Amino acid sequence: ELLRGYTMLACLFWPALVFTAMHSDDIIIALYGLPWQESSSAVPLLSLMMAVQCTFSLTAPALASIGRPYLTSIALSAAVVLKIALGLWLFDGTLTSFALAFAVAECLCIPIYVFLNYRYLNLSVVRWVSVLARPAFFAGLFALALWPMDRLFDESDHEWPQLIALAMYA
């Protein structure tokens with residue numbers, strides 16, 4: 001069932017994206033070093049964008065399975081146009097403004113995906129929201145559980161042990 005698939009993806013990806021957003025500084029420094037630390041401000045916005053994308057990632061195969069794969073192009077075209085328009089409008093030379101444009105564009109496409117799910121896949125908005133409420137609740141609990149762990153570590157040059165400890169805690 002499609003709703004079960006949406007729930008599984010949300011349960012898997014949302015906590016990982018919460019972790020990534022909350023610890024973007026540590027992840028960027030550990031992977032790329034201090035010169036890239038400034039780019040970590042874009043990671044929470046890109047995590048939001050990915051959360052929206054993974055939430056609706058099963059819409060395209062579901063529409064293809066009922067013989068209407070072309071309907072996905074409505075949402076994808078809107079996303080591309082919005083990303084270009086918002087990118088040109090919001091871009092101020094920083095990576096964060098670029099990520100903001102992409103995140104806002106994805107969020108503005110949510111009603112299109114919800115409509116496609118409702119109209120062609122017979123998924124009511126109430127049912128869809130009720131199914132995704134549980135993963136959202138657990139992702140929120142996960143964020144609350146990670147928050148005190150983050151405060152245990154001092155600022156240091158040992159990001160890898162911190163990330164490993166946080167991942168094991170998670």
Side-chain angles (χ1 to χ4, degrees), residues 2-29 31-32 35-143 146:
L2 187 58
L3 287 175
R4 185 173 178 212
Y6 281 142
T7 304
M8 284 187 206
L9 283 174
C11 285
L12 289 172
F13 283 105
W14 288 359
L17 292 169
V18 165
F19 180 85
T20 303
M22 289 179 71
H23 300 287
S24 59
D25 261 350
D26 296 329
I27 293 170
I28 294 295
I29 292 169
L31 293 176
Y32 304 109
W36 287 90
Q37 185 177 12
E38 189 178 321
S39 67
S40 67
S41 62
V43 173
L45 293 167
L46 295 174
S47 295
L48 171 65
M49 181 188 78
M50 286 305 302
V52 173
Q53 285 182 351
C54 84
T55 302
F56 296 105
S57 63
L58 295 178
T59 300
L63 289 170
S65 73
I66 62 167
R68 295 178 178 222
Y70 53 88
L71 291 173
T72 306
S73 66
I74 297 169
L76 295 177
S77 299
V80 168
V81 168
L82 284 169
K83 286 175 183 174
I84 292 170
L86 289 171
L88 292 171
W89 184 46
L90 295 175
F91 187 65
D92 63 2
T94 63
L95 188 58
T96 304
S97 66
F98 187 73
L100 177 64
F102 273 53
V104 170
E106 280 299 324
C107 290
L108 290 175
C109 289
I110 290 174
I112 298 169
Y113 281 110
V114 169
F115 172 76
L116 291 172
N117 282 319
Y118 173 74
R119 174 73 172 91
Y120 297 102
L121 302 174
N122 297 320
L123 295 177
S124 73
V125 177
V126 172
R127 194 165 159 223
W128 182 79
V129 169
S130 68
V131 164
L132 290 178
R134 188 178 308 152
F137 175 73
F138 286 117
L141 283 179
F142 183 73
L146 278 180

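Only a predicted model underlies this, so the values are computations on that prediction, with no experimental measurement involved.
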Practice task
Enter the distance from T96:OG1 to L90:CG here, rounded to the nearest 0.5 Å.
Solution key: 12.0 Å

Exercise for the section: Answer yes or no: does atom CZ of F137 have more than 12 heavy-atom neighbours from other residues, nucleotides or ligands under 6.0 Å? Expected result: no

Completion exercise
So CH2 of W128 and OG1 of T55: to nearest 0.5 Å the spacing works out to 6.5 Å

Handout entry: Between SG on residue C109 and CD on residue Q53, distance to nearest 0.5 Å
Key = 9.5 Å

Exercise for the section: Start with the C-alpha gap between F102 and F98, add the side-chain angles, then the distance that decides, and say whether ring-ring contact (aromatic ring centres under 6.0 Å, His included) holds. Expected result: CA-CA 6 Å; F102 273 53; F98 187 73; 4.6 Å; yes

Completion exercise
When rounded to the nearest 0.5 Å, the distance separating CG of L71 from OG1 of T59 is 11.0 Å

Exercise for the section: Kindly indicate whether the side chain of C54, heavy atoms from C-beta on, has any atom under 4.5 Å from the side chain of W14. Expected result: yes

Exercise for the section: Taking all heavy atoms of V131 and all of L3, pick out the closest pair and write down the distance. Expected result: CG1-O, 3.6 Å

Handout entry: Distance-minimising heavy-atom pair for A79 and E106
Key = CB-OE2, 4.1 Å

Handout entry: Validation row: L95, S41 side chains within 4.5 angstrom (heavy atoms)
Key = no

Exercise for the section: Check whether more than 12 heavy atoms from other residues, nucleotides or ligands sit under 6.0 Å from atom CZ of F91, and answer yes or no. Expected result: yes

Fill in the blank from the handout: Heavy-atom closest pair (L48 atom, A103 atom, distance to 0.1 Å) is CD2-CB, 4.2 Å

Problem - Side-chain touch V43/I27, heavy atoms, less than 4.5 angstrom - result: no

Exercise for the section: Enter the distance from L58:CG to L63:CG here, rounded to the nearest 0.5 Å. Expected result: 11.0 Å

Problem - Check: S40 main-chain N/O paired with S24 side-chain donor or acceptor under 3.5 Å - result: yes

Completion exercise
For K83 and A105, the nearest pair of non-hydrogen atoms, with its separation, is CG-CB, 3.5 Å

Handout entry: Distance-only donor-acceptor check, side chains S57 and Y113, under 3.5 Å
Key = no

Practice task
Flag the pair W36 / L31 as yes when at least one side-chain heavy-atom distance between them is below 4.5 Å, and no otherwise.
Solution key: no

Handout entry: Separation of L2 CG from L121 CG (nearest 0.5 Å)
Key = 6.0 Å

Problem - Side chains of F115 and I74 in contact at under 4.5 Å (non-hydrogen atoms) - result: no

Practice task
Would you indicate whether the side-chain heavy atoms of V18 and F138 approach each other to under 4.5 Å?
Solution key: no

Exercise for the section: Work out which heavy atom in P15 is nearest to a heavy atom in A10; give both atom names and the distance. Expected result: CD-O, 3.6 Å

Practice task
Kindly give the heavy-atom pair with the smallest separation between Y120 and I66, and that separation in Å.
Solution key: O-CD1, 3.3 Å

